[in-house]
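What follows is a short report on a single structure.
All chains are named by letter (A, B, ...) in the order of the sequence lines, taking the proteins before the strands, and each is independently numbered beginning at 1.
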Number of protein chains: 2
Amino acid sequence: MNRTDYIQAAEAHCERRGCKLTALRRQVLELVLRHQGVVKAYQVLADLQKERGIAAPPTVYRALDFLVEQGLLHRVDALNGFVVCDHFECQHESMILVCETCGKVQEVDVMAALAGLHDVADAADFTLSRQNLTLTGLCKACRI
Amino acid sequence: MNRTDYIQAAEAHCERRGCKLTALRRQVLELVLRHQGVVKAYQVLADLQKERGIAAPPTVYRALDFLVEQGLLHRVDALNGFVVCDHFECQHESMILVCETCGKVQEVDVMAALAGLHDVADAADFTLSRQNLTLTGLCKACRI
DNA sequence: GTCGTGATGTTATACAGTAACATTCGCCAT
DNA sequence: ATGGCGAATGTTACTGTATAACATCACGAC
Ligand SMILES: [Zn+2]
Ligand SMILES: [Zn+2]
Ligand SMILES: [Zn+2]
Ligand SMILES: [Zn+2]
């Protein structure tokens with residue numbers, strides 16, 4: 001899915017969920033899409049300032065929070081960053097793999113594999129909510 | 001295991017690993033032990049300042065980094081915090097459950113359940129390193 | 001119109017983490 | 001003992017991350 005299609009799908013997605021992908025939010029989403037992999041809030045802020053003059057942290061954080069809320073982005077706690085989710089339509093739980101060496105990030109679907117973790121949590125009297133796991137390791141290129 | 005025993009075991013653990021649980025590091029570990037659940041670096045810093053007058057962030061961060069390195073603490077990315085590990089002797093991978101409502105934290109062992117995640121990662125040409133997963137949900141008390 | 005609500009702007013500040021360099025401590029070889 | 005070395009700690013200053021609080025704006029409902 002190219003960027004334009006993605007934005008359109010995202011807009012429809014928000015519509016269906018009863019909220020709006022406003023101009024600002026779309027602009028932030030576009031800025032995130034332009035990078036590959038993880039993007040930091042202050043990088044987005046800098047990009048936004050290039051495009052529209054001044055902008056302050058809350059502007060960016062509010063837009064990013066909204067996009068995470070809608071499932072368009074995932075937050076990667078381990079890196080204080082954000083990645084685009086490209087299958088936001090399906091109700092999925094994600095597993096984000098971060099390469100310790102090159103920093104490359106990829107998201108894989110993982111519903112089935114999480115069943116085991118849910119069992120473990122249940123055994124500890126704990127009800128898991130929807131997860132966005134972040135796991136670290138080595139990607140194919142860096143493993144050599 | 002009570003606090004005193006824990007500290008002693010921790011000291012022996014470091015010894016075996018060829019490094020030292022110095023007075024400062026022990027003091028920081030004790031400060032972390034006094035809280036239950038997740039502790040933040042700046043909370044530890046404040047506590048430390050109460051005990052010994054002045055102290056600066058690097059002092060605390062260096063000690064915390066050391067303790068994490070030795071496996072005595074786990075870092076909880078999602079909360080920018082640290083939790084005590086009470087089975088640092090065994091080479092384990094951990095799953096830390098964080099209650100979204102009350103903030104309570106518990107660690108459960110999870111070696112077996114992780115096998116499924118390793119399979120998924122393998123399928124994506126990704127080699128996982130040792131994991132400290134953080135999962136969110138609701139604890140027994142908050143589920144009602 | 002004007003009112004209410006959600007979005008955005010603005011300012012200021014709190015919280016988290018690190019670089020760089022100075023100083024001290026503990027230990028060992030001389 | 002004493003000088004020298006490496007590890008640990010102290011100190012200063014800074015960068016990066018995130019939010020509180022309040023002001024203003026846009027827009028549809030009435
Ligand atoms: Zn996703
Ligand atoms: Zn890599
Ligand atoms: Zn542990
Ligand atoms: Zn709870």
Atom CD of Q36(B) with >12 non-hydrogen neighbours under 6.0 angstrom: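 12 or below, so no.
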When the distance from [atom1] of [X] to [atom2] of [N] is rounded to whole Å, what number comes out?
X	N	atom1	atom2	value
L64(B)	dT9(D)	CG	C1'	15 Å
R62(A)	dC25(D)	CZ	C1'	12 Å
E69(B)	dA7(D)	CD	C1'	15 Å
Q43(A)	dG16(D)	CD	C1'	13 Å
K40(B)	dT19(D)	NZ	P	10 Å
L24(B)	dA7(D)	CG	P	17 Å
Y61(A)	dT17(D)	OH	P	7 Å
D65(A)	dA20(D)	CG	P	11 Å

Could you tell me whether [X] contacts a base, only the sugar-phosphate backbone, or nothing, with contacts defined as non-hydrogen atoms closer than 4.0 Å?
X	result
K20(A)	nothing
T59(A)	base
R75(A)	sugar-phosphate

Earlier contact from the 5' end, DNA chain C, for P58(A) and F66(A):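 Closest to the 5' end, via its nearest nucleotide, is F66(A).
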Comparing N80(A) and P57(A) on DNA chain C - which has the more 5′ nearest nucleotide: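 Final value for this comparison: P57(A).
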Segment of DNA chain C, first to last nucleotide, that comes within the 4.0 Å heavy-atom reach of chain B: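 Result: dA16(C) to dC27(C).
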Closest nucleotide among dT12(D), dT19(D), dT9(D) to the R25(B) side chain: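 So the nucleotide nearest the side chain must be dT9(D).
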Salt bridge present between E69(B) and R25(B) (N-O < 4.0 angstrom):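 Salt bridge: no.
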Positive for side-chain contact (heavy atoms from CB on, under 4.5 Å) with L73(A), one of D65(A), V83(A), L64(A):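 Exactly one pass, corresponding to L64(A).
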Heavy-atom pair of closest approach, residues C99(B) and C142(B):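 Of all heavy-atom pairs spanning C99(B) and C142(B), the closest is SG-SG, 3.7 Å.
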